Amino acid sequence: MSLSMRNQIPGTVTAVTPGEVMATVKVRLEGGQELTAAITLEAVRELGLAEGSAVRAMVKSTEVALATGRLPGVSIRNQLPGTVSDVATGGAMATVKVAVDGGQDLTAAITKDAVGDLGLTTGVPVVALIKATEVSLATA
């Protein structure tokens with residue numbers, strides 16, 4: 001199956017913490033970064049997720065925010081440091097490609113104004129911010 005979702009990152013499940021309806025799933029990405037997904041317990045069962053499972057973490061580019069540094073004191077679990085590798089701007093929106101430390105690539109769709117306000121150009125260090133609830137998992 002082909003998907004339009006640009007961010008599809010391979011990794012391995014390192015922990016599954018079940019709750020009443022939802023579970024958090026920690027994934028070690030191939031580059032060594034850790035990502036947390038909050039998915040339904042039903043999805044965990046249907047996918048057969050357990051420690052050691054190979055997965056693909058998927059995030060829509062519109063759900064990736066960028067910051068110029070780590071943000072303490074926020075609920076966003078996934079803060080992946082990296083470097084801007086490309087910026088393409090349109091009339092109102094832009095896509096920013098980020099080479100995440102450890103070798104993964106992410107694409108963020110943000111406003112053109114945000115690109116200017118943050119001074120995002122190739123080579124600028126950034127932190128990709130992704131809420132755990134915005135991470136989907138697929139078995140690899």
Side-chain angles (χ1 to χ4, degrees):
M1 171 189 333
S2 296
L3 297 173
S4 64
M5 203 173 301
R6 292 185 185 181
N7 299 310
Q8 300 183 35
I9 309 164
T12 303
V13 173
T14 58
V16 177
T17 305
E20 294 293 320
V21 177
M22 300 288 288
T24 57
V25 180
K26 295 206 183 280
V27 176
R28 177 148 332 270
L29 304 178
E30 286 186 354
Q33 296 280 0
E34 189 172 89
L35 193 68
T36 300
I39 62 174
T40 64
L41 203 51
E42 182 180 8
V44 169
R45 285 191 217 106
E46 286 177 0
L47 294 170
L49 297 180
E51 188 174 331
S53 296
V55 295
R56 188 165 294 277
M58 299 182 294
V59 182
K60 290 176 62 176
S61 59
T62 53
E63 299 303 332
V64 178
L66 298 176
T68 55
R70 283 199 178 270
L71 298 176
V74 296
S75 65
I76 297 174
R77 298 294 84 199
N78 301 306
Q79 297 193 29
L80 306 173
T83 305
V84 174
S85 60
D86 187 51
V87 179
T89 57
M93 297 296 293
T95 56
V96 180
K97 293 189 181 194
V98 177
V100 174
D101 294 354
Q104 303 300 317
D105 290 317
L106 284 175
T107 299
I110 62 175
T111 65
K112 180 180 173 183
D113 290 345
V115 169
D117 291 348
L118 296 174
L120 300 181
T121 59
T122 301
V124 170
V126 293
V127 176
L129 307 168
I130 308 164
K131 291 178 65 170
T133 53
E134 298 303 332
V135 178
S136 297
L137 296 176
T139 50

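Residue numbers start at 1 and run along the sequence shown. As a basis for the values below, the full set of heavy atoms in this structure was taken, side chains included, without hydrogen atoms, waters or symmetry mates. Source: prediction; values computed, not measured.
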Nearest atoms (heavy-atom pairs only) where V124 meets G119: CG2-O, 3.5 Å

I76 side, atom CD1; I130 side, atom CD1 - distance, nearest 0.5 Å: 9.5 Å

Shortest non-hydrogen separation from G91 to K112 and the atoms involved: O-CD, 3.7 Å

Any side-chain heavy-atom pair of V84 and T121 under 4.5 Å: no

Joint cluster assignment, L80 & I9, ILVMFWY side-chain distance < 4.5 Å: yes

Verdict with supporting geometry, L49 and T139, side-chain contact (heavy atoms from CB on, under 4.5 Å): CA-CA 8 Å; L49 297 180; T139 50; 4.2 Å; yes

Euclidean distance, S136 OG relative to I39 CD1, rounded to 0.5 Å: 8.5 Å

Side-chain donor or acceptor of Q33 paired with backbone N/O of D101 under 3.5 Å: yes

Shared hydrophobic cluster for M22 and V27 (ILVMFWY, side-chain gaps under 4.5 Å): no

Nearest-0.5 Å distance that lies between atom OG1 in T17 and atom CG in L41: 11.0 Å

Heavy-atom side-chain contact between E63 and K131 under 4.5 Å: no

Sole candidate of V135, V64, V59 that passes side-chain contact (heavy atoms from CB on, under 4.5 Å) when paired with N78: V135

Inter-residue atom distance M93.CE - D113.CG, 0.5 Å rounding: 10.0 Å

S85 (side chain) donor-acceptor with K97 (main chain) under 3.5 angstrom: yes

Check: L71 main-chain N/O paired with Q79 side-chain donor or acceptor under 3.5 Å: yes

Residue pair P10 / Q104: nearest heavy atoms and the distance that separates them: CD-OE1, 4.1 Å

Least distance between heavy atoms, A23 atom then V44 atom: CB-CG2, 3.8 Å

Hphob cluster co-occupancy, V98 + V127, side-chain heavy atoms under 4.5 angstrom: no

Contact summary for L106 and A128, nearest pair of heavy atoms: CD1-CB, 3.6 Å

side-chain contact (heavy atoms from CB on, under 4.5 Å), paired with T36, selected from T24, V25, T133: T24

Under 3.5 Å: donor-acceptor pair, side chain of R6, backbone of S4: no

Q8 backbone acceptor or donor facing R56 side chain under 3.5 Å: yes

For the student: nearest non-hydrogen atoms of A94 and V115, plus distance: CB-CG2, 3.6 Å

D117 and T111: CA distance, side-chain angles, deciding distance, side-chain contact (heavy atoms from CB on, under 4.5 Å) verdict: CA-CA 10 Å; D117 291 348; T111 65; over 6 Å; no

Residues, nucleotides or ligands: over 12 heavy atoms within 6.0 Å of E34 CD: yes

Distance in Å, I110 CD1 paired with T62 OG1, rounded so as to fall on 0.5 Å steps: 12.0 Å

Rounded distance (nearest 0.5 Å) linking atom OG1 of T12 with atom CD of E30: 7.5 Å

